[in-house]
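Notes follow the structure.
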Amino acid sequence: MITSSANPRVKQIVQWQTKSKERRKDGIFLAEGLKMFEEAPLDRIVEVYVSKDVEDQLLAAAKGKTVDNFAGQEMRAGIGEKLKQVGYEVVTPEIFAKMSDTQTPQGILTVLKRREHTLDELLDHPNPCFVLLENLQDPGNLGTIIRTGEGAGITGVIMSAGTVDIYNPKTIRATMGSVYRVPFLYADDLAEVMDRLHEKGIHTYAAHLKGEVFYDSFSFKEPTAFLIGNEGNGLTRELADRAKSYLKIPMEGQVESLNAAVAAALLMYETHRQRSIFDV
């Protein structure tokens, strides 16, 4: 059991939690919590750390005892079996708190291998729906878009190099596991990506204040990509001008624009609605 904050593995976790450069260099990311561990692909798990009090709860649950703080006996059993399969390191609750990025740690921290798709992989889909994000800075917004995107059935998220790190611990938590399943990539030049999309017959739509047509007036049944800009400044003129169409979201009162994640959600679910009707 790890009992000291001077332990090299503890120091490494703290570095990974706080420095995106270190995570990138080592090709890993961290996922905290029971759900994130439970849904983590086995082939991407590098190592797991468990707080001693959580291990005690798991052992008690395995003996059929009632345990607080766990949501359901089946989930407990599944987590225990998975931990046995992958192996784990036990740490004291005090040391786990130092390793954690949250105020109320759940007692399980998973180190995983990164995975990013290529543009060719994302384009290999008969009827794609992409979200292109330019310079988003809020980790919660990005994580919410990834999670909502999975729910709406999008086929990929493409981000500018200036977009917040998807492996930021706050982003990972906001995805609630969707980061494992939604294909994504970072692009050095979104303009070049848009050229590729247009070559493939994918219609691009910029969510923009200059839009004159409401978003639900368009057909998104065909290959589609939505452009969402920075929370404060929106899309750059260069990128917006490359879009095939501008669209707008209805606004009442004195509101000029919506939160980036909310705007993306409306567009993604409108696509889902139209394609569901079309499929029927």
Side-chain angles (χ1 to χ4, degrees), residues 2-33 35-51 82-83 86-91 95-103 105-122 131-147 149 156-190 192-193 230:
I2 297 176
T3 60
S4 171
S5 59
N7 185 290
R9 297 172 78 177
V10 174
K11 290 182 176 181
Q12 180 66 84
I13 292 293
V14 172
Q15 269 206 328
W16 283 336
Q17 288 280 28
T18 56
K19 298 181 180 179
S20 61
K21 180 175 68 174
E22 291 298 315
R23 295 193 296 269
R24 187 164 51 249
K25 176 175 68 71
D26 295 328
I28 62 88
F29 69 101
L30 307 179
E32 290 194 54
K35 178 178 174 62
M36 294 301 294
F37 170 73
E38 187 176 32
E39 297 187 6
L42 284 172
D43 62 347
R44 296 176 65 186
I45 295 176
V46 177
E47 54 191 19
V48 182
Y49 295 88
V50 178
S51 177
K82 191 170 183 178
L83 281 170
V86 301
Y88 60 95
E89 187 75 42
V90 180
V91 301
I95 298 304
F96 192 93
K98 294 181 181 296
M99 298 167 67
S100 173
D101 182 63
T102 65
Q103 293 292 323
Q106 291 188 43
I108 294 182
L109 186 152
T110 310
V111 182
L112 299 111
K113 300 174 190 173
R114 291 179 178 233
R115 182 187 178 190
E116 285 191 27
H117 293 74
T118 66
L119 183 56
D120 286 337
E121 287 175 328
L122 266 62
V131 176
L132 275 62
L133 305 175
E134 186 184 32
N135 301 335
L136 257 68
Q137 296 302 297
D138 185 88
N141 274 342
L142 178 55
T144 300
I145 289 171
I146 298 293
R147 182 184 181 188
V157 175
I158 303 172
M159 297 165 281
S160 68
T163 294
V164 64
D165 181 14
I166 196 170
Y167 293 119
N168 180 301
K170 292 182 176 63
T171 306
I172 295 297
R173 286 198 297 276
T175 70
M176 293 293 288
S178 295
V179 70
Y180 299 140
R181 297 177 290 272
V182 176
F184 64 86
L185 63 86
Y186 281 89
D188 292 329
D189 190 337
L190 279 184
E192 290 183 3
V193 169
N230 174 270

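Side chains are part of it too, since the values below use all heavy atoms of this structure and drop only hydrogens, waters and symmetry mates.
Side-chain contact between Glu32 and Ser100 is present, with heavy atoms from C-beta onward closer than 4.5 Å. Contact check for Arg44 versus Arg115: side-chain heavy atoms found under the 4.5 Å cut-off. Annotation: side chain of Leu42 is in contact with side chain of Lys82 (closest heavy-atom distance under 4.5 Å). Within the 4.5 Å cutoff, side-chain heavy atoms of Leu142 are placed close to those of Leu133. Side-chain contact between Val10 and Ile95 is present, with heavy atoms from C-beta onward closer than 4.5 Å.
Counting all heavy atoms, side chain and backbone alike, Val48 lies closest to Gly87 at CB-O, 3.9 Å. Looking at every heavy atom in both residues, Tyr186 comes nearest to Val164 through OH-O, 2.6 Å. The two atoms that bring Asn141 and Asp138 nearest to each other are N-OD2, 2.8 Å, heavy atoms only. In terms of heavy-atom proximity, Gln103 sits nearest to Pro105 at O-CD, 3.4 Å. Here the closest non-hydrogen pair linking Arg114 and Ser20 is NH2-O, 4.1 Å. The two residues Ala174 and Gly140 have their closest heavy-atom pair at CB-O, 4.1 Å.
Ring pair Tyr180/Phe29 is tilted by interplanar angle, where 30° to 60° counts as tilted.
Between the side chain of Glu22 and the main chain of Lys19, no donor-acceptor pair closer than 3.5 Å is present. Side chain of Lys11 to main chain of Ser5: no donor-acceptor pair is present (N/O by atom type, distance under 3.5 Å, no hydrogens or angles). Side-chain atoms of Gln137 come within 3.5 Å of backbone N or O of Gly162 as a donor-acceptor pair. Side-chain atoms of Gln17 come within 3.5 Å of backbone N or O of Met99 as a donor-acceptor pair. Counting only distance, with no hydrogens or angles, the side chain of Arg23 and the backbone of Ile28 share no donor-acceptor pair below 3.5 Å.
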Legend entry - Steps toward side-chain contact (heavy atoms from CB on, under 4.5 Å) verdict (Leu30, Leu109): CA-CA 7 Å; Leu30 307 179; Leu109 186 152; 4.1 Å; yes
Inset, instruction - Check the pair Gln12 / Asp26 against side-chain contact (heavy atoms from CB on, under 4.5 Å), numbers first and verdict last. - result: CA-CA 11 Å; Gln12 180 66 84; Asp26 295 328; 4.0 Å; yes
Legend entry - Met36 and Gln106: CA distance, side-chain angles, deciding distance, side-chain contact (heavy atoms from CB on, under 4.5 Å) verdict: CA-CA 11 Å; Met36 294 301 294; Gln106 291 188 43; over 6 Å; no
Inset, instruction - Show the numbers, then the answer: is there a side-chain contact (heavy atoms from CB on, under 4.5 Å) between Ile145 and Leu136? - result: CA-CA 11 Å; Ile145 289 171; Leu136 257 68; 3.7 Å; yes
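Expressed to the nearest 0.5 Å, how far OG1 of Thr175 lies from OH of Tyr167 amounts to 10.5 Å. Rounded to the nearest 0.5 Å, atoms NZ (Lys170) and OG1 (Thr102) are 10.0 Å apart. Taking CD of Glu38 as the start and OG1 of Thr110 as the end, the distance is 11.0 Å to the nearest 0.5 Å. For the atom pair OG (Ser178) and CD1 (Ile172), the distance works out to 10.5 Å, reported to the nearest 0.5 Å.
Defined by atom type and a distance below 3.5 Å, a donor-acceptor pair is present between the side-chain atoms of Tyr49 and Arg9. In this model, no donor atom of one side chain and acceptor atom of the other lie less than 3.5 Å apart for Glu134 and Thr163. In this structure, a donor-acceptor pair under 3.5 Å is present between the side chains of Asn135 and Ser160.
Checking each of Val131, Val157, Thr171 against Ile146 for a side chain to side chain contact (heavy atoms under 4.5 Å, CB included) leaves exactly one that passes, namely Val157.
With respect to Lys113 and Asp43, no salt bridge is recorded, no charged nitrogen being found less than 4.0 Å from a carboxylate O.
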